[in-house]
Amino acid sequence: MGDFVSDIKRIREHARQHMDRGAVTDGYKADRKRVIDVLNEVLATEIVCVLRYKRHYFMARGVHAESVKQEFSRHATEEQEHADWVAERIIQLGGAPDFDPEGLARRSHSEYAEGEDLQSMIREDLVAERIAIESYSEIVRWLANDDPTTRRIVEDILKVEEEHADDMANLLDRMALS
Ligand SMILES: [Fe+2]
Ligand SMILES: [Fe+2]
């Protein structure tokens with residue numbers, strides 16, 4: 001059996017040497033800089049989603065508007081939550097969350113589409129959710145076991161985006177029936 005005391009000493013020394021790396025240890029397998037860049041794209045996507053749902057919330061008019069408005073509002077709140085989780089993770093990885101409004105739409109995966117009537121707003125939201133689902137699924141596959149914590153965060157967001165897409169699809173169905 002090896003000398004246990006000297007091992008602990010090494011771990012202690014090691015932990016002190018790399019304090020500036022915060023939560024990132026030598027066990028971290030991913031390309032940290034690339035993960036931060038990708039997370040900043042996710043952050044932009046979430047912020048654009050907040051803005052789009054907010055706009056739709058305030059602009060919703062028509063017979064179905066009241067119930068639909070509540071969905072828009074709830075989604076805006078949840079997208080903001082996602083943006084916060086992502087910004088928090090960027091910090092843990094030693095990066096800086098990019099909140100610069102300049103270039104926001106370019107960094108975002110989904111588009112900011114205003115829509116004209118209630119139906120086209122819901123359709124644009126569904127499209128945006130489907131883009132997020134597709135790109136976040138790719139990120140989850142890419143991260144695999146190299147950064148399980150970031151992967152879990154993106155998976156948690158992905159789950160909610162699938163619920164959002166389902167909500168929007170159901171609203172479209174309900175409007176088509178009435
Ligand atoms: Fe989201
Ligand atoms: Fe969403």
Side-chain angles (χ1 to χ4, degrees), residues 30 34-62 64-93 95-144 147-176:
R34 185 67 191 124
V35 172
I36 291 167
D37 285 347
V38 169
L39 285 181
N40 266 319
E41 289 172 18
V42 174
L43 178 62
T45 303
E46 295 296 336
I47 295 169
V48 166
C49 285
V50 173
L51 297 174
R52 200 192 54 255
Y53 276 122
K54 279 283 180 192
R55 156 91 184 186
H56 290 178
Y57 169 75
F58 286 109
M59 290 298 284
R61 295 283 182 281
H64 300 285
E66 274 321 304
S67 61
V68 176
K69 271 174 93 102
Q70 296 320 309
E71 297 260 315
F72 288 162
S73 172
R74 187 170 52 81
H75 285 199
T77 306
E78 287 169 348
E79 309 298 14
Q80 182 61 62
E81 220 171 59
H82 298 165
D84 292 349
W85 296 344
V86 171
E88 195 67 50
R89 184 58 184 157
I90 290 171
I91 295 290
Q92 283 176 353
L93 290 174
D98 189 351
F99 282 97
D100 191 344
E102 179 137 349
L104 183 68
R106 211 170 342 104
R107 295 195 301 277
S108 166
H109 294 168
S110 49
E111 293 157 304
Y112 175 85
E114 294 186 337
E116 276 135 44
D117 51 16
L118 204 49
Q119 206 151 352
S120 64
M121 289 178 196
I122 299 170
R123 195 169 295 122
E124 290 302 338
D125 291 328
L126 179 54
V127 169
E129 297 291 354
R130 287 171 56 82
I131 291 168
I133 290 166
E134 186 113 23
S135 75
Y136 296 175
S137 300
E138 269 177 33
I139 294 170
V140 166
R141 278 193 292 273
W142 171 62
L143 288 170
D147 181 344
T149 308
T150 302
R151 193 196 64 219
R152 258 193 302 276
I153 291 166
V154 178
E155 280 172 340
D156 286 345
I157 296 173
L158 180 58
K159 178 172 171 282
V160 181
E161 310 307 5
E162 288 181 358
E163 288 165 11
H164 288 173
D166 200 44
D167 290 343
M168 292 300 113
N170 287 337
L171 284 180
L172 279 178
D173 282 352
R174 255 201 281 158
M175 290 180 71

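Both ligands and their constituent atoms are indexed starting at 1 by order of listing.
- From F72, atom CZ reaches atom CD1 of I122 across 5.0 Å, with rounding to the nearest 0.5 Å.
- Partners of E66 by side-chain contact (heavy atoms from CB on, under 4.5 Å), not counting sequence neighbours, listed by chain and number: K69, Q70.
- For Q92, the CD atom is densely surrounded, since the number of other residues' heavy atoms within 6.0 Å is greater than 12.
- In this view, E71 and R74 satisfy the salt bridge (Lys or Arg N to Asp or Glu O under 4.0 Å) rule, not counting sequence neighbours.
- A salt bridge links E163 with K159: at least one charged nitrogen is closer than 4.0 Å to a carboxylate oxygen.
- With sequence neighbours left out, E162 forms a salt bridge (Lys or Arg N to Asp or Glu O under 4.0 Å) with no residue at all.
- For the Fe ion (ligand 1), the set of protein N/O/S atoms nearer than 2.8 Å consists of E46 OE1, E46 OE2, E79 OE1, H82 ND1, E161 OE2, ordered by chain and number.
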